[in-house]
Each structure stands twice: as C-alpha cells, then as structure tokens.
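To keep things clear, I will list the structure first and then write my remarks on it.
Letters A, B, ... are given to chains in the order of the sequence lines, protein chains preceding strands, and every chain is numbered from 1.
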2 protein chains.
Amino acid sequence: MAREKKIDMVILGLLSHEDLSGYDIKKRIDSMISFFWKGSFGNIYPALKDMEEADLVKKTGTSDNVREKMTYRISDKGLKILKQWLQDEQAANELRYETLLKLFFGGALDKSVSITNIELFEQKIKGDLKLLKGYCENLKEHTENADHLYYYLTASFGVETYEAYLKWCIKAKKILKNGVI
Amino acid sequence: MAREKKIDMVILGLLSHEDLSGYDIKKRIDSMISFFWKGSFGNIYPALKDMEEADLVKKTGTSDNVREKMTYRISDKGLKILKQWLQDEQAANELRYETLLKLFFGGALDKSVSITNIELFEQKIKGDLKLLKGYCENLKEHTENADHLYYYLTASFGVETYEAYLKWCIKAKKILKNGVI
DNA sequence: GTTTGATATATCATTTTGATATATAGTAGC
DNA sequence: GCTACTATATATCAAAATGATATATCAAAC
C-alpha cells in the first residue's frame, strides 16, 4: 500500500530550512534534490493540504489576498515528525535504471543496439556530472550556510557514483565489442 | 499520467528468454533484476491479463486443469513491441535513495544521527556487494548461456557503483566528524 | 497429524507520476 | 501599444506502481 508518504518528509525537510510555497517546494526539489528524489505538483499540493489539516504545517503571509501565493511554515509537531523520520533506521534505497533493463534483455537484438544505449547513457551522465561538480565547487565556497556540508555530501555522492558509471561504460562497451568478459 | 507501462517490457523481456507463469516472473525479477528494477504481483498479474487480450502473450500448458499454474509465451507481436522498446533512445534512469534524502536534511539533528544513517547504508551495501560479486563470478563460468554476457554487464554495473558508494561512505563520515569539507 | 513454508493467483487502498487546465504577471520583440 | 512568450502559482485527474492482504494447494518437517 506504499505505506509511508515520503513526499511529506521532503516537504517538512525543506520547510525546516525556510518558509516556502508549493511552487517554491517544487523548484527546490528540481534544483537541489532531484538526482536522488522526485516530487510533482500532483503530490506536493495535496500533501500540503493534508499536512495543514494535521497541524504539521501552517499557512503564513497574506491569505486575504486571493491572488498571492500561499507560504507554509513548519510547526513544532511537524518538526517532531521530521526528526523521528531522520532517526528511523529504515531507508528505502532503490535504483531504477531503464538503461540496465534494456541491457539485460539486449540479447534480443544485435549488440550494436546495446552499445548505442550505453553511449546514450554515457553522454547523459557526462552532462549531469559536470553540473554536479559545479554544484560541489559552489558549496565549498559558501560555508556561511550551516547546511552546506550536508548539501555537499549528497552532491559528492553523485560525483563519485557518476564517475564509476563512466568507468563502467568504457568497460561494458569493450566487453560487448569483444564478445567476451 | 505515467504514460508507459514499464512492467510490460520487463515481462516481455523475461518471456523472450523462456515461458513463465506470473509467479515465475516475480521470482525472476526478485533474483536477477531487482537491484535495478522492481515488480510486484499487483502489477504483474493485471499486466499479463491485459497483454493476453492485446495478443502480446499467449497462455500455454494445460489450462483445463484449474489448479495448475498458467504459463505464458511471448507472441510475434509481443516480440516486436519488445524490440521497439529496446531501440527507443528514451530511458528513464533514476535513483531514489532515502539515505541521501535524510542526509540532505541532516542539519535538523546532531551529526551523529547522519553518521549512523551512513553506517547503516554502508553495511547494507557491503552485504549486497558480496552477493553481486558472487553472481558475477558465477556468470563468468556459465558462458553456455547466450545471455550471460548481458547479465554480467548489469551485475558488474552494480559492483562498480557499490564500490564507489563504499568509498564515499568513508569520505562522508570523515567530513561529518571533522565538520569541514 | 499438524504446522510451516513454498507455490500460485488475485485484489485493493494508498501513493506517485506526469499530463493538463487555468489564470496572472512580467518582459521582450515588433 | 500590442502581441507572444515565459515564469509564477495552484489544482485536478487518469494511469501506473507499491505493497499489503486474502485465499488455496501441496510438500516437507517435526
């Protein structure tokens, strides 16, 4: 039943840093954490509504002005829930790589198809790695933000793994071309 | 709307290797491809039903015996769909690591909590890496199966990345303990 | 003989995804 | 000034995935 609503934790986490609107939350997710977690308007807005009813977040700002954006602030109760989750030893870590899925079934077609798929993956990763490295460099310089260390750690995870991916791409193409491990 | 039903491709891929029942499909997913893709009874059985109606798969075996398992075979049409997907350059590759999400929001609590979370991750990865390495060794010896090369490539992707994870764990713990990058 | 665990299929509520709808504000080009 | 485009902002919904539960059979263990 997909028991835990993880989007709630993402929202509470972001609100523990600063007050945000639903739209802001989406922007934060897309720019900072999208490489290891996703969120969409389709679950952000309903989650905010539900969490407001449960007193985990409160609306702030001028809600009298209808056309103005609604900003949310985390409550003490919300912060408690966030901290409980952070201390919970359970953690769902999963990879979902369609490129690997296609490679697994690559035997159905000529190996050139698999090589092309690996090359497409390689190019995508190269671009993303560049972005992540820039992000890391930036964080090294902005030590005034107390959370920069945590942001850096997640970004450096990306750098390390993406570099490993690229090494694998070279090896994998070689194995396919030679037809032996 | 989550446009593409990826589980269909997983099933067609597995059926391109051999005839299988829904239960068998679940077992194959869990044992061979679960580290980069998942499947559940909740989508496998309905998918088989839908694909049978669309003539992508056919029931085989003794369906007259009610209590016997239903085995499915891929059709020419199904094989065509599978090959089309393999050649489609689109590929959804995503990481969903709750450990990184928790680390990103680690500033809400003492750094010891984040260190513990990294250590839990580290232990899990160490165990999984051992399994993947064993799987790789096994595949090196069973070259009689034409698909062993493709299986090996996906497993070796896991080995490479998991080793990178472990290197990152050591670095990350050090950074947290010292409080500087 | 009974309990346990594997086999096998099916169903369902919850959650997520990703697309679409709607409307306003700003701004760049002509 | 007018128009087109883009960003902001919220909301909704069908489709898909998740993961739990229900049900039943059969073989092995004890």
Side-chain angles (χ1 to χ4, degrees), chain A residues 1-11 19-31 33-34 36-54 57 59-63 65-72 85 90-98 101, chain B residues 1-11 19-31 33-34 36-54 57 59-63 65-72 85 90-98 101:
Chain A
M1 288 187 220
R3 270 290 130 81
E4 247 192 320
K5 241 172 101 187
K6 298 287 164 64
I7 190 64
D8 287 3
M9 300 307 135
V10 180
I11 294 172
D19 293 357
L20 295 166
S21 67
Y23 192 76
D24 291 332
I25 287 165
K26 179 69 164 70
K27 275 199 295 182
R28 292 283 185 290
I29 292 173
D30 286 346
S31 65
I33 71 174
S34 67
F36 57 85
W37 209 273
K38 298 241 179 330
S40 66
F41 291 130
N43 62 355
I44 291 169
Y45 284 110
L48 281 169
K49 216 178 200 173
D50 294 348
M51 288 200 292
E52 205 204 352
E53 270 172 51
V57 301
K59 263 185 204 154
T60 66
T62 52
S63 59
N65 189 337
V66 187
R67 297 274 165 237
E68 205 155 338
K69 72 176 174 183
M70 285 179 267
T71 306
Y72 292 87
W85 168 70
Q90 224 70 34
N93 296 318
E94 57 184 78
L95 209 67
R96 195 180 298 195
Y97 274 29
E98 197 173 353
L101 198 55
Chain B
M1 288 186 217
R3 272 290 129 82
E4 244 191 324
K5 242 172 102 187
K6 298 286 165 66
I7 190 64
D8 286 2
M9 300 306 134
V10 179
I11 294 171
D19 293 358
L20 295 165
S21 67
Y23 192 77
D24 291 332
I25 287 166
K26 179 70 163 73
K27 275 199 293 181
R28 291 285 186 289
I29 292 174
D30 287 347
S31 65
I33 72 175
S34 68
F36 56 85
W37 209 272
K38 298 243 180 325
S40 66
F41 291 131
N43 62 353
I44 292 169
Y45 284 112
L48 280 170
K49 218 179 199 174
D50 293 349
M51 287 200 291
E52 204 203 353
E53 270 172 53
V57 301
K59 264 185 204 155
T60 65
T62 52
S63 59
N65 188 338
V66 187
R67 295 276 166 237
E68 205 156 336
K69 72 176 174 183
M70 285 178 269
T71 306
Y72 292 87
W85 167 71
Q90 225 70 33
N93 295 317
E94 57 184 78
L95 210 66
R96 196 180 300 195
Y97 275 29
E98 198 174 353
L101 198 57

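Taking atom CD1 of B:Ile44 as the reference point, atom P of D:dA17 lies 11 Å away to the nearest angstrom. Summarising the geometry, the separation between CG on A:Asp8 and C1' on C:dT15 is reported as 10 Å, rounded to the nearest angstrom. A:Lys38 places its NZ atom 17 Å from the C1' atom of D:dA16, with the value rounded to the nearest Å. Atom CG of B:Asp24 is separated from atom P of C:dA8 by 6 Å (rounded to the nearest Å). As rounded to whole Å, 18 Å separates atom C1' of C:dA19 from atom NZ of B:Lys5. In this entry the distance linking CG of B:Leu20 with P of C:dT9 reads 11 Å, nearest Å. Distance CD (B:Glu94) to C1' (C:dT17): 9 Å, rounded to an integer number of Å. One interatomic measurement links the two molecules: OH of B:Tyr23 to P of D:dA24, which rounds to 17 Å at whole-angstrom precision.
Each of B:Phe41 and A:Ser40 was matched to the nucleotide of DNA chain C holding its nearest heavy atom; the match closer to the 5' end belongs to B:Phe41.
Applying side-chain contact (heavy atoms from CB on, under 4.5 Å) to B:Ile25 and the options B:Ile7, B:Val10, B:Asp30, B:Ile11 leaves one that passes, B:Ile11.
At the phosphate of D:dT10, neither OP1 nor OP2 sits under 4.0 Å from any side-chain N or O atom of A:Lys49. A:Tyr45 has no side-chain polar atom (N or O) that falls below the 4.0 Å cut-off from OP1 or OP2 of D:dA11. Contact check, B:Arg96 against D:dA17: no side-chain N or O comes under 4.0 Å of OP1 or OP2. Taking only side-chain nitrogens and oxygens, A:Lys27 never comes nearer than 4.0 Å to OP1 or OP2 of D:dA7.
Listed nucleotides: D:dT10, C:dT17, D:dT18. Nearest to the side chain of B:Asn43: D:dT18. Of all nucleotides listed (D:dA17, D:dA20, D:dA11), D:dA11 comes nearest to the side chain of A:Met70. Residue B:Lys6 has its side chain nearest to D:dA17 when only D:dA17, C:dT16, D:dT10 are considered. Ranking C:dT7, D:dT10, D:dA17 by closeness to the A:Ser21 side chain, first place goes to D:dT10. Minimum atom distance to the side chain of A:Pro46 is reached by D:dT12, of the listed D:dA17, D:dT12, C:dT17.
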*asked:* Using salt bridge (charged side-chain N to carboxylate O under 4.0 Å, His left out), reason through A:Arg96 and A:Glu94 one step at a time and then give a plain yes or no.
replied: CA-CA 6 Å; A:Arg96 195 180 298 195; A:Glu94 57 184 78; 3.4 Å; yes

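Pairing each heavy atom of A:Tyr72 with each of A:Val57, the nearest pair is CD2-CG2, 3.8 Å. Minimum heavy-atom separation, A:Tyr23 to A:Phe41: CD1-CZ, 3.9 Å.
Of the possible donor and acceptor atoms, none in the side chain of A:Thr71 sits under 3.5 Å from a partner among the backbone N and O of A:Thr60.
If you check every strand for non-hydrogen atoms under 4.0 Å, A:Gly42 touches a base.
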